[in-house]
Enquirer: 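Handing you this structure, nothing more for now.
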Amino acid sequence: MNGQGEFAALAAAGLWAVASVVYGLVGQHIPPIQLNLIKGIIAIALLLLTIVISGELLPQIAPLSVGLLFLSGAVGIGWGDTAFLSAINYLGARRVLLLGTLSPPMTAIAAAIFLDEQLNVNAWCGILLTILGVAWVVTERVPSTKEVDSGYLWQGIGYGLLAAITNSAGSVFSRAAFANGTISPLWAAVLRLSAGVLTILVWVWFSRRQQIAFPYPYWQSKRVILASFFAAFCGTYLGIWLQQTAIKLTSVGIASTLLQTSPLFVIPIAIAMGEKVSLRAIAGVGIAIAGIGFLFYR
């Protein structure tokens with residue numbers, strides 16, 4: 001595949017890094033569950049517009065592939081994003097990102113068991129080095145890191161592990177959908193996002209803790225509107241499209257590993273924003289890049 005899947009995964013990770021910075025700012029004005037719905041709806045609209053322009057209307061998709069992609073979206077986006085947001089509330093972003101590094105090896109093992117995808121020694125070395133590099137970066141203690149109350153620690157860990165497991169399961173379901181039928185990454189992204197948004201809506205409806213209505217007061221600011229659209233365009237529209245491209249074109253374990261490298265891309269963004277970056281963080285990036293090299297030249 002000439003590394004196309006690997007490059008798509010790295011591009012998605014980079015876009016998610018940009019979007020995460022913007023979402024961090026927008027999230028101060030919009031509640032997380034509403035922001036999750038908004039970005040999903042915006043991305044679906046953009047994907048459907050892309051489908052109309054590209055002429056990929058009404059493709060022949062096997063019912064099994066459709067079912068697997070809906071299951072992937074419900075588990076990975078609906079349940080996974082909800083668990084991820086909940087974990088951040090308890091543990092903070094850095095600790096949750098660390099738990100997220102458990103997802104790639106779980107994905108590789110699940111793919112080996114259920115999809116018969118086997119990775120060689122070089123690929124496993126690449127996965128381990130990349131995970132170590134990311135973990136080295138996200139575990140760095142920073143002044144703004146808050147201590148977690150022991151009463152909430154295990155709840156946060158539980159949500160973080162659930163997010164990693166559902167992310168892994170969603171990736172495996174997507175890979176199975178590609179293996180069991182002919183479908184473009186564009187349509188795969190639409191089906192996954194649609195299932196994810198529907199799952200979130202059902203969750204909101206039954207929990208009755210959040211209002212489904214759009215948060216009109218927040219949209220009085222043009223900056224919030226533009227920032228939300230930009231983040232949804234980069235992180236959800238392009239990001240999930242590229243994610244599905246990566247899962248289709250390379251082993252799902254490798255794709256999952258490269259998709260978890262977003263914290264590495266945040267570092268140059270932090271530098272551009274005037275933040276100080278430690279030698280430890282730079283060393284972590286170096287280790288992860290070495291692992292990525294193994295994945296490209298395995």
Side-chain angles (χ1 to χ4, degrees), residues 12 16 19-20 23 27 30-44 47 64-93 95-111 113-115 152 154-178 188-212 232 235-237 239-241 243-244 247 252-253 255-256 259-260 262:
W16 284 341
S20 66
Y23 281 136
I30 304 176
I33 195 68
Q34 293 182 346
L35 180 59
N36 205 8
L37 283 173
I38 291 166
K39 70 182 180 64
I41 292 170
I42 291 174
I44 290 172
L47 286 167
L64 178 59
S65 294
V66 174
L68 286 169
L69 286 168
F70 264 92
L71 187 58
S72 173
V75 172
I77 297 176
W79 297 353
D81 283 2
T82 301
F84 181 79
L85 292 170
S86 299
I88 287 178
N89 288 337
Y90 286 112
L91 299 179
R95 294 182 179 92
V96 177
L97 287 172
L98 176 60
L99 289 172
T101 60
L102 296 173
S103 182
M106 287 192 295
T107 302
I109 292 170
I113 295 173
F114 298 107
L115 303 179
Y152 298 117
W154 289 107
Q155 294 182 56
I157 291 175
Y159 280 122
L161 290 175
L162 179 61
I165 292 169
T166 50
N167 181 29
S168 174
S171 297
V172 172
F173 286 136
S174 286
R175 181 64 175 175
F178 287 121
V190 171
L191 293 174
R192 285 194 80 236
L193 268 173
S194 299
V197 168
L198 287 173
T199 302
I200 295 169
L201 284 172
V202 170
W203 181 80
V204 170
W205 176 263
F206 281 102
S207 68
R208 298 185 182 276
R209 295 176 182 175
Q210 299 281 346
Q211 295 296 322
I212 298 178
T236 311
Y237 166 62
I240 292 184
W241 188 359
Q243 175 202 46
Q244 294 304 293
I247 291 174
V252 68
S256 179
L259 289 166
Q260 291 291 331
S262 289

Enquirer: Nearest heavy-atom pair of Ile240 and Trp16: which atoms, and what distance?
Expert: N-NE1, 4.3 Å

Enquirer: What distance do Ser174 atom OG and Leu68 atom CG have between them, rounded to the nearest 0.5 Å?
Expert: 8.5 Å

Enquirer: Give me the one residue out of Leu102, Asn167, Thr107 that meets side-chain contact (heavy atoms from CB on, under 4.5 Å) with Gln260.
Expert: Asn167

Enquirer: Determine yes or no for a side-chain-to-main-chain donor-acceptor pair under 3.5 angstrom, with Thr199 supplying the side chain and Ala195 the backbone.
Expert: yes

Enquirer: For Ala19 and Gly235, work out which heavy atoms get closest and say how close.
Expert: CB-CA, 3.6 Å

Enquirer: Report the distance from atom CD1 of Ile42 to atom CG of Leu37, rounding to the nearest 0.5 Å.
Expert: 11.0 Å

Enquirer: Applying side chain to side chain contact (heavy atoms under 4.5 Å, CB included) to Phe178 and Gln244, what does each step give before you reach the verdict?
Expert: CA-CA 9 Å; Phe178 287 121; Gln244 294 304 293; 3.7 Å; yes

Enquirer: Any chance CZ of Phe70 has more than 12 other-residue heavy atoms, nucleotides or ligands included, within less than 6.0 Å?
Expert: yes

Enquirer: Can you check side chain to side chain contact (heavy atoms under 4.5 Å, CB included) on Thr166 and Phe84, steps first, answer last?
Expert: CA-CA 10 Å; Thr166 50; Phe84 181 79; over 6 Å; no

Enquirer: Could you tell me the separation between the OG atom of Ser65 and the CZ atom of Phe173, rounded to the nearest 0.5 Å?
Expert: 13.5 Å

Enquirer: Please find the pair of heavy atoms, one from Arg175 and one from Leu115, that lie closest to each other, and give the distance.
Expert: CG-CD1, 3.5 Å

Enquirer: Kindly compute the distance separating OG (Ser171) from CD (Gln243), expressed to the nearest 0.5 Å.
Expert: 5.5 Å

Enquirer: Between CG of Leu259 and OG of Ser103, what distance do you get to the nearest 0.5 Å?
Expert: 9.0 Å

Enquirer: Minimum heavy-atom separation for Gly80 and Ala163, please, with both atom names.
Expert: O-CB, 3.9 Å

Enquirer: What's the separation between atom CD1 in Ile165 and atom CG in Leu99, rounded to the nearest 0.5 Å?
Expert: 10.5 Å

Enquirer: Could you give me the CA-CA distance, side-chain angles and deciding distance for Met106 and Ile109, then say whether side chain to side chain contact (heavy atoms under 4.5 Å, CB included) is met?
Expert: CA-CA 5 Å; Met106 287 192 295; Ile109 292 170; 5.9 Å; no

Enquirer: Tell me the closest heavy-atom pair linking Gly170 and Val75, and the distance in Å.
Expert: N-CG1, 4.5 Å

Enquirer: For Leu193 and Thr236, run side chain to side chain contact (heavy atoms under 4.5 Å, CB included): C-alpha distance rounded to whole Å, both residues' side-chain angles, the deciding distance at 0.1 Å, then the answer.
Expert: CA-CA 9 Å; Leu193 268 173; Thr236 311; 3.7 Å; yes

